[in-house]
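Bear in mind that the values here come from a model prediction, so they are computed numbers and not experimental data. Each residue takes its place number in the sequence, starting with 1.
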Amino acid sequence: NLLYVNSQSLNFANRQGSARNITVKVQFMNGEDLSNAMPVIFGKSSCADFYKEAYTAVVYHNRSPDFHDEVKIKLPASLSDHHHILFTFYHVSCQQKQNTPLETPVGYTWIPMLQNGRLRTGHFCLPVSLEKPPQSYSVLSPDVRSDILACYF
């Protein structure tokens with residue numbers, strides 16, 4: 001079973017800060033810890049077969065970028081309530097400064113894979129939070145947060 005994730009747009013226009021060169025990291029997770037990222041994301045044609053993460057192309061100097069990337073995921077045979085897709089948004093610096101990382105996290109959101117025991121599919125408008133997801137977030141809907149910054153499609 002395959003799942004295709006197509007990033008469409010992000011709106012950080014009303015957000016303060018320097019998030020203008022934005023990329024999105026996509027991970028298929030089986031729990032909240034970063035070590036729970038599963039190697040089920042297909043690699044490009046000349047790369048390894050599967051990866052634990054995929055990045056979109058960086059959209060330069062745009063606080064409301066449109067994305068045209070597609071992530072192909074091989075779904076596990078059995079899904080649980082802890083399976084979800086985690087999206088981490090990064091600002092990418094054009095010039096590396098001493099003791100400063102090139103990528104700075106600027107937002108997080110996720111999609112639980114199951115809803116009432118069924119696979120969630122369709123078009124989603126997800127709230128993006130500056131804060132890391134709360135404990136046990138994988139079983140929560142992403143719209144339970146009150147610190148919404150942007151909407152990600």
Taking the side chain as every heavy atom from C-beta outward, state whether H123 and Q8 have any atom pair closer than 4.5 Å.
yes
Which heavy atom of V26 sits nearest to which heavy atom of I85, and what is that distance?
CG1-CG2, 3.7 Å
Rounded at 0.5 Å granularity, tell me how far CG in N30 sits from NE2 in H82.
8.0 Å
Heavy-atom pair of closest approach, residues H83 and S80:
ND1-N, 2.8 Å
Within a radius of less than 6.0 Å around CG of N1, do more than 12 heavy atoms belonging to other residues, nucleotides or ligands occur?
no
Is any side-chain heavy atom of I22 closer than 4.5 Å to one of F67?
yes
Group every Ile, Leu, Val, Met, Phe, Trp and Tyr by side-chain heavy-atom contacts under 4.5 Å, then state whether I111 and V5 land in the same group.
yes
Measure the spacing between CD of Q27 and CG of L34 and express it to the nearest 0.5 Å.
6.0 Å
Euclidean distance, W110 CH2 relative to F87 CZ, rounded to 0.5 Å:
12.0 Å
For A54 versus I41, what's the shortest heavy-atom pair and its separation?
CB-CG2, 3.8 Å
Taking the six-membered ring for Trp, is the centroid-to-centroid distance between Y108 and F89 below 6.0 Å?
no
For K25, does the NZ atom sit with more than 12 other heavy atoms under 6.0 Å from it, leaving out its own atoms?
yes
In one Ile/Leu/Val/Met/Phe/Trp/Tyr side-chain cluster, 4.5 Å: M38, L3:
yes
Result of checking E53, M113, H84, K52 against F28 for side-chain contact (heavy atoms from CB on, under 4.5 Å):
M113
Taking every non-hydrogen atom, the tightest pair across T121 and F124:
O-CZ, 3.7 Å
Could you tell me whether the side chain of D69 reaches within less than 4.5 Å of the side chain of V24, counting heavy atoms only?
no
Shortest non-hydrogen contact from S7 to T56?
OG-CG2, 3.9 Å
Who passes side chain to side chain donor-acceptor pair (under 3.5 Å) against N116, sequence neighbours left out?
none
Starting at CG of N21, measure out to CD of E103 and round the result to the nearest 0.5 Å.
11.5 Å
Hey, are the side chains of L86 and P133 touching, using non-hydrogen atoms and a 4.5 Å cut-off?
yes
Side chains of L75 and L119 in contact at under 4.5 Å (non-hydrogen atoms):
yes
Tell me whether V71 is reachable from Y55 by hopping between hydrophobic residues (I, L, V, M, F, W, Y) whose side-chain heavy atoms are closer than 4.5 Å.
no
So if you build clusters from Ile, Leu, Val, Met, Phe, Trp, Tyr with side-chain heavy-atom gaps below 4.5 Å, do Y90 and M29 land together?
no
Identify the two heavy atoms, one from L114 and one from L79, that lie closest to each other, and give their separation to 0.1 Å.
CD1-O, 3.7 Å
When you compare the side chain of R120 with that of P112, does any pair of heavy atoms fall below 4.5 Å?
yes
